[in-house]
Amino acid sequence: MSRLLHSALRHYLLPFALMAAGSADVLAQDSSSAYSFLNLPSSTLTYGLGGINISAIEDDINSIDQNPGLLGSEIDMQLGVNYMRYVGESNFAGVKFGRSAGDHGAWAAGLQYFGYGTIKGADINGVLTGDFSPKDMVFNGTYAHDITDRWRGGATLKFIYSSYDSYTAMALATDLGVNYYDPESNFSFSAVVANLGGQIKRFHEAYNRLPVDLRVGFSKSFGTLPVTWSVTAWNLTKWHLPFYDNGDGSESASPVIKDKFGSNLMRHLVFAADFIPSEKFHVGIGYNYKTRTDMSTYKRSFLSGFSACAGINVKNFGVGVALAQPHNGATTIMLNLSTKLYEF
């Protein structure tokens, strides 16, 4: 592989290395890191509730991206747009459209774009060849159907296209998800197998694996308090999720690898609470211990691992915003807009 491709991939992986690995050594052990962008949500609700949430119920087409089992006929003729300002010069954006298919089914289609700014290109001799803009695009189609009055299942097919200068790659992936929802007790349970598939065109000689994952989660409110609590377990295809702890961050501190039972357990779990005083407004907060411990290799902020979101519905429109600060050099913001076209 040429130096140009190595340079492109190094710059391309940097934002995700900051979010998805505690050190270069730990990241190198994860063969799926080249497609880590597939784990980034496009929903402000999901991003604000810790970045991974497959069970939160919301009448917003943007929220189906991590679990196709959340799509239903109630999301009919709905258009959703999302934008995210990510680490460095990265900007992500996408659009989704959903339509009912009878009384018990629905389909949706969308496009997600991941742009990573501008990178200087060079040939194998180090001679600059000009700037280029690496990017990934995901074209997706989803179908879901009611299995019973409380169980729903769905599948999403994703076509992935990546372009880094003159190098391109393509992949196919599938998400399979189910959801159980009891509206009387406001209890939701979901299970998802994410990113099943593989590359159909390589960048060069190396084969990059997709981040196949098994996830389960539930959301529940208790009593009359209008708060829905969520716990999501992910990365269930592997138990060991080691990370390096740099201690106080001083030059004299030696990195120590952490791979104990407690840390592995917590790095599989994401916790969240969503305050919903009415159907028109909500405020949520999430905590992702894996994000926080990943940032121990860098200069993380006090808020690392925490995220927050808010959403409001006004007439025909829904607007959502989510914020997170994984480390001192990166404050990320996501915006959602949704509308039901048949109401115009």
Side-chain angles (χ1 to χ4, degrees), residues 38-39 41-47 49-78 80 96-110 140-158 173-197 211-223 226-237 268-274 276 279 282 284 286 311 318 338 340:
L38 292 175
N39 291 326
S42 59
S43 161
T44 55
L45 177 67
T46 302
Y47 192 61
L49 298 184
I52 299 289
N53 190 301
I54 61 173
S55 58
I57 303 297
E58 185 182 41
D59 186 12
D60 184 348
I61 192 171
N62 291 298
S63 66
I64 71 168
D65 64 333
Q66 290 197 344
N67 184 2
L70 296 178
L71 176 65
S73 57
E74 67 277 4
I75 304 178
D76 184 30
M77 290 295 290
Q78 190 173 140
K96 292 185 181 71
F97 175 76
R99 188 78 166 89
S100 64
D103 294 332
H104 300 286
W107 61 267
N140 56 76
T142 301
Y143 179 77
H145 193 83
D146 294 340
I147 302 171
T148 68
D149 59 343
R150 294 186 177 181
W151 280 97
R152 178 180 292 169
T156 296
L157 179 63
K158 297 181 283 190
T174 300
D175 294 345
L176 304 174
V178 293
N179 173 256
Y180 171 87
Y181 180 56
D182 180 0
E184 295 179 359
S185 61
N186 193 28
F187 173 74
S188 172
F189 170 82
S190 293
V192 173
V193 180
N195 303 316
L196 287 170
V212 178
D213 193 16
L214 173 63
R215 302 166 183 173
V216 295
F218 73 89
S219 299
K220 180 75 170 72
S221 60
F222 300 93
V227 176
T228 300
W229 306 89
S230 297
V231 179
T232 307
W234 66 309
N235 281 310
L236 297 182
T237 57
H268 283 87
L269 300 177
V270 179
F271 303 92
D274 194 20
I276 313 172
E279 295 182 354
H282 77 93
S338 63
K340 293 185 176 182

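Numbering of residues begins at 1 and proceeds along the displayed sequence. Computed from heavy atoms alone, side chains included, the values below leave out hydrogens, waters and symmetry copies.
Remark: side-chain polar atoms of Q78 are not paired, donor with acceptor, to backbone N or O of K340 under 3.5 angstrom. The backbone N or O of S100 sits less than 3.5 Å from a side-chain atom of D76, completing a donor-acceptor pair. Checked by atom type and distance alone, the side chain of D60 never pairs as donor or acceptor with a backbone atom of S63 at under 3.5 Å. Of the possible donor and acceptor atoms, none in the side chain of N140 sits under 3.5 Å from a partner among the backbone N and O of K158. Put simply, the side chain of N195 never gets that close to the backbone of A173: no donor and acceptor are under 3.5 Å apart. Remark: side-chain polar atoms of D213 are paired, donor with acceptor, to backbone N or O of N235 under 3.5 angstrom.
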Report task. Decide yes or no on side-chain contact (heavy atoms from CB on, under 4.5 Å) for R215 and H268, but give the supporting numbers first. Result -> CA-CA 9 Å; R215 302 166 183 173; H268 283 87; over 6 Å; no

Report task. Before giving the answer on side chain to side chain donor-acceptor pair (under 3.5 Å), spell out for S219 and S188 the whole-Å C-alpha distance, their side-chain angles and the decisive distance to 0.1 Å. Result -> CA-CA 5 Å; S219 299; S188 172; 5.2 Å; no

**Report entry** Stepwise side-chain contact (heavy atoms from CB on, under 4.5 Å) test for L176 and V192
**Finding:** CA-CA 6 Å; L176 304 174; V192 173; over 6 Å; no

Query raised in the report: Yes or no on side-chain contact (heavy atoms from CB on, under 4.5 Å) for D274 and L45, after CA distance, side-chain angles and deciding distance?
Result: CA-CA 9 Å; D274 194 20; L45 177 67; 3.6 Å; yes

Report task. Run the numbers on N179 and W151 for side-chain contact (heavy atoms from CB on, under 4.5 Å), then give the verdict. Result -> CA-CA 6 Å; N179 173 256; W151 280 97; over 6 Å; no

Requested in this report: Start with the C-alpha gap between S221 and N186, add the side-chain angles, then the distance that decides, and say whether side chain to side chain donor-acceptor pair (under 3.5 Å) holds.
Outcome: CA-CA 6 Å; S221 60; N186 193 28; 3.0 Å; yes

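The shortest distance between side-chain heavy atoms of Y180 and F187 falls below 4.5 Å. By the 4.5 Å heavy-atom criterion applied to side chains, I64 and I75 are counted as neighbours. Within the 4.5 Å cutoff, the side chain of N67 has no heavy atoms near those of the V178 side chain.
In this structure, NE2 in H145 is found 10.0 Å from CZ in R152, a value given to the nearest 0.5 Å. Remark: Y143 OH to L71 CG distance equals 9.5 Å, nearest 0.5 Å. From L236, atom CG reaches atom CG of L214 across 5.0 Å, with rounding to the nearest 0.5 Å. Here the CG atom belonging to L70 is positioned 11.0 Å from the OH atom belonging to Y181, to the nearest 0.5 angstrom. Separating the CZ atom in F189 from the CZ atom in R150 is a distance of 15.5 Å, to the nearest 0.5 Å. For the atom pair OG1 of T228 and NZ of K220, the computed distance is 9.0 Å after rounding to the nearest 0.5 Å.
Minimum interatomic distance between I61 and G98 (heavy atoms only, all atoms of both residues): CD1-N, 3.0 Å. Shown here for G51 and Q66, the closest heavy-atom pair between the two residues is O-NE2, 3.2 Å. The two residues S73 and D103 have their closest heavy-atom pair at OG-O, 3.5 Å. Looking at every heavy atom in both residues, A273 comes nearest to L49 through O-CD2, 3.8 Å. I147 and G153 get closest at one heavy-atom pair: CD1-N, 3.8 Å. The minimum heavy-atom distance between A144 and P68, with the atom names listed, is CB-O, 3.5 Å.
There is no side-chain donor-acceptor pair under 3.5 Å between K96 and T142. With 3.5 Å as the limit, one finds no donor-acceptor pair spanning the side chains of S55 and S190. A side-chain N or O of S42 and one of D65 form a donor-acceptor pair less than 3.5 Å apart. Side-chain atoms of N62 and S43 include no donor-acceptor pair closer than 3.5 Å.
The environment of NE2 in H104 is sparse: at most 12 heavy-atom neighbours from other residues, nucleotides or ligands sit within 6.0 Å. More than 12 heavy-atom neighbours from other residues, nucleotides or ligands sit within 6.0 angstrom of CD on E74.
Scored by the side chain to side chain contact (heavy atoms under 4.5 Å, CB included) test, A109 finds W107 as partners (sequence neighbours excluded).
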